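Heads up: the structure comes next, in structure tokens.
Chain naming here is simple, since letters A, B, ... match the order of the sequence lines and numbering starts at 1 in each. Note that this is a predicted model, so its numbers are computed, not measured.
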Amino acid sequence: MKEEVWRWWEETPHPDGIKWKTMEHNGPYFPPAYERLPKNVKFYYEGEVMELSELAEEVATFYAKMLEHDYTKKDIFNKNFFEDWRKEMTDEERKKIKKLEKCNFQEMCDFFKEQSEARKNKTKEEKLALKEENAKIAEEYGLCTMDGHKQKVGNFRIEPPGLFRGRGDHPKQGKLKKRVKAKNVIINIGKDAPVPSPPEGEKWKAIQHDASVTWLACWTENITGSNKYVMLNAAARIKGEKDWQKYETARKLKECVHKIRDEYKNDWKAKEMRIRQRAVAMYFIDKLALRAGHEKDEGESADTVGCCSLRVEHITLHAQKEGDDYVVEFDFLGKDSIRYTNSVPVEKRVYKNLELFKKDKQPGDDLFDRLTTSSLNKFLGEQMPGLTAKVFRTYNASNTLQQQLDSLTEPDANVTAKLLQYNRANRAVAILCNHQRAPPKTFDKQMTNLVNKLKDKKKAIKTVKKEIKELKKEYHNNGKSEKVKNTIEKKKKQAERLEEQYFKLEVSMTDKEENKEIALGTSKLNYLDPRISIAWCKKHEVPIEKIYNKTQREKFQWAIDMTDETFVF
DNA sequence: GTGCAGACTTAGAAGCTGGACG
DNA sequence: CGTCCAGCTTCTAAGTCTGCAC
């Protein structure tokens, strides 16, 4: 079955503020109701078997499922879980269960492990049946018709209840994320579309027909009180259009960035403190691709910062460091509590300004006390329509990729070598944007495997070469037989193949090593204008499939369709 | 300006799967 | 034929930014 491709990029976009004309969908898909544990799976309190009410048991299973996770070693997680769990208990349970340390969830934990084991060990037929069942759900709930075209829904499943897994030192980690019911969910749908029916005996919170927003369903999550939305997949027109526009804005910045840079450099010596702070902040956002950095309310989330919310303790000034003058050393936790460390030599004026901003302040004080993201963005918007702090990240990321590709690509190299060059260009961007990942748990093992494979390959090459040598001898000594000659040719081909495989292994080892703690995905998906990569592929005869997998090609369909090798960011 | 709700993008980790390999 | 693991998909948290009320 061939999927329809909607070439929306050749159509006139909707006017501002209108996201769609018609929209039909079947609502969100709810997780299954809680199923009680088998009677033989027991919970113990102070070593004694204890039966739990349905709700208390359900919440206990959330914890049991995480028993072997590091989360359950953290005090805040345990404290939050226990507090919320007790709220779900019956009075009797609450009277008895007073201490988490006296609870034993081991049988529950083992039960779930067995269950997941059993799932893996299902027969082919059983697995196929499950797959078909899933496909049916995706067919029904995973599709939406927008403006007459079938579009994939991104997250059509309502988030199941569980324990909140906040990142870093999140003060709310371990709290109970409650089950979402139809009465919590608002449905957004076209006026003329049939309204999806809520689960048996339930009612939606509300039905609305608001074409100024893109979401299909919405509910309020109980941990932070913010909204969660069901929206379309990245391949949908409504997302693609926006994505395209994002890169066009970034390209516009390219046109005027020199002027903006001149101006903020000039502002480093402004009379007004707030303008100086803005100018230094802009320098960081531009040069280091820092995020804007909103003020966040303390105690509600992990203590992380971006540019505007940097505090005194996050930078250290060094008049000299490792041979450089005027070095700013950054060390702070950014989005997702990912640590940012960087030592950057800066202009003397920037350095002197930072000294000034830090003067008479204590750790905990804002470095840019006269600056907010909204005042900064307001100013940026006046420099160029649509300009905000994050446009600099997009611009600098895409621009870096373009430059790196231009300088790293060797036109005569083979595809394997070129892919390494591409990945290195991509890596430069990921480093700029500080996209890190935990090294894969099996990293060392993987490396050893590769080294072994490499050794084996080398041996194989040696053997084949030896064989060729001997066959040649035979050929000359024993009357130049046609048969031997053919064998030699065959062996030569084999040697060639092996050499290529060896080269590929070598490259993949280099690539893996260099990529140990770097995540390329985020920049590839969110920061790099796909047209740069597509033009590069076309120019250097690298198949696009080597750069973008199927999902990514669907997301970037617009770019694949409109880009030829002459595109320059 | 400031604070807040709402909408939407960006983010790394977890979970899953299918194909390589012995 | 089973095992392993790499790449993909899914998940959902955590940002940014806009617009509105005061």
Qualifying residue for side-chain hydrogen bond (donor to acceptor under 3.5 Å, both in side chains) with A/R311, from A/D369, A/D303, A/D365: A/D303

Sugar-phosphate only, base, or nothing, as touched by A/K120 at under 4.0 Å among non-hydrogen atoms: nothing

Pairs meeting criterion salt bridge (charged side-chain N to carboxylate O under 4.0 Å, His left out) with involvement of residues 282-294 of chain A, two or more places apart: A/R261-A/D286

Touch class at under 4.0 angstrom, heavy-atom based, for A/K19 against every strand present: sugar-phosphate

Sugar-phosphate only, base, or nothing, as touched by A/I338 at under 4.0 Å among non-hydrogen atoms: sugar-phosphate

Partners passing side-chain hydrogen bond (donor to acceptor under 3.5 Å, both in side chains) against A/Y71 (at least two apart in sequence or in another chain): none

Residue mapping more 5' on DNA chain B - nearest nucleotide basis, A/G225 or A/T522: A/G225

All side-chain hydrogen bond (donor to acceptor under 3.5 Å, both in side chains) counterparts of A/S523, not counting sequence neighbours: A/N426

A/D147 and A/R237 ion-paired at < 4.0 Å: yes

Chain A contact limits on DNA chain B, taken 5' to 3' with a cut-off of 4.0 angstrom to heavy atoms: B/dG6 to B/dG18

Qualifying residues under side-chain contact (heavy atoms from CB on, under 4.5 Å), relative to A/K19, sequence neighbours excluded: A/T214, A/I238

Any residue meeting side-chain contact (heavy atoms from CB on, under 4.5 Å) with A/K113, in chain and number order, not counting sequence neighbours: A/E68, A/C109, A/D110

Stacked cation flag A/R278 on A/F368, 6.0 angstrom / 45 deg: no

Each nucleotide N or O in nucleotides 2-6 of chain C that has a protein N or O under 3.5 Å away: list the pair and distance.
{"residue": "C/dC5", "atom": "OP1", "partner": "A/K445", "partner atom": "NZ", "Å": "2.7"}
{"residue": "C/dC5", "atom": "OP2", "partner": "A/K445", "partner atom": "NZ", "Å": "3.3"}
{"residue": "C/dA6", "atom": "OP2", "partner": "A/Q446", "partner atom": "OE1", "Å": "2.9"}
{"residue": "C/dA6", "atom": "OP2", "partner": "A/Q446", "partner atom": "NE2", "Å": "2.6"}

Output field: ring centroids A/F156/A/Y29 closer than 6.0 Å: no

Annotated protein contacts, base or backbone, on nucleotides 13-22 of chain C with a non-hydrogen cut-off under 4.0 Å, one of B, S, - each: SBSBBS----

Sugar-phosphate, base or nothing in reach of A/K242, heavy atoms under 4.0 Å: sugar-phosphate

Output field: ring centroids A/H170/A/F164 closer than 6.0 Å: yes

Ring pair (Phe, Tyr, Trp, His ring centres under 6.0 Å) pairs, two or more places apart, involving residues 281-304 of chain A: A/W268-A/Y283, A/F284-A/F330

Set of residues satisfying ring-ring contact (aromatic ring centres under 6.0 Å, His included) with respect to A/H435, sequence neighbours excluded: A/Y527

Residues forming a side-chain contact (heavy atoms from CB on, under 4.5 Å) with A/K516, sequence neighbours excluded: A/P439, A/F443

Residues in contact with DNA chain C, drawn from residues 429-438 of chain A - heavy-atom cutoff 4.0 Å: none

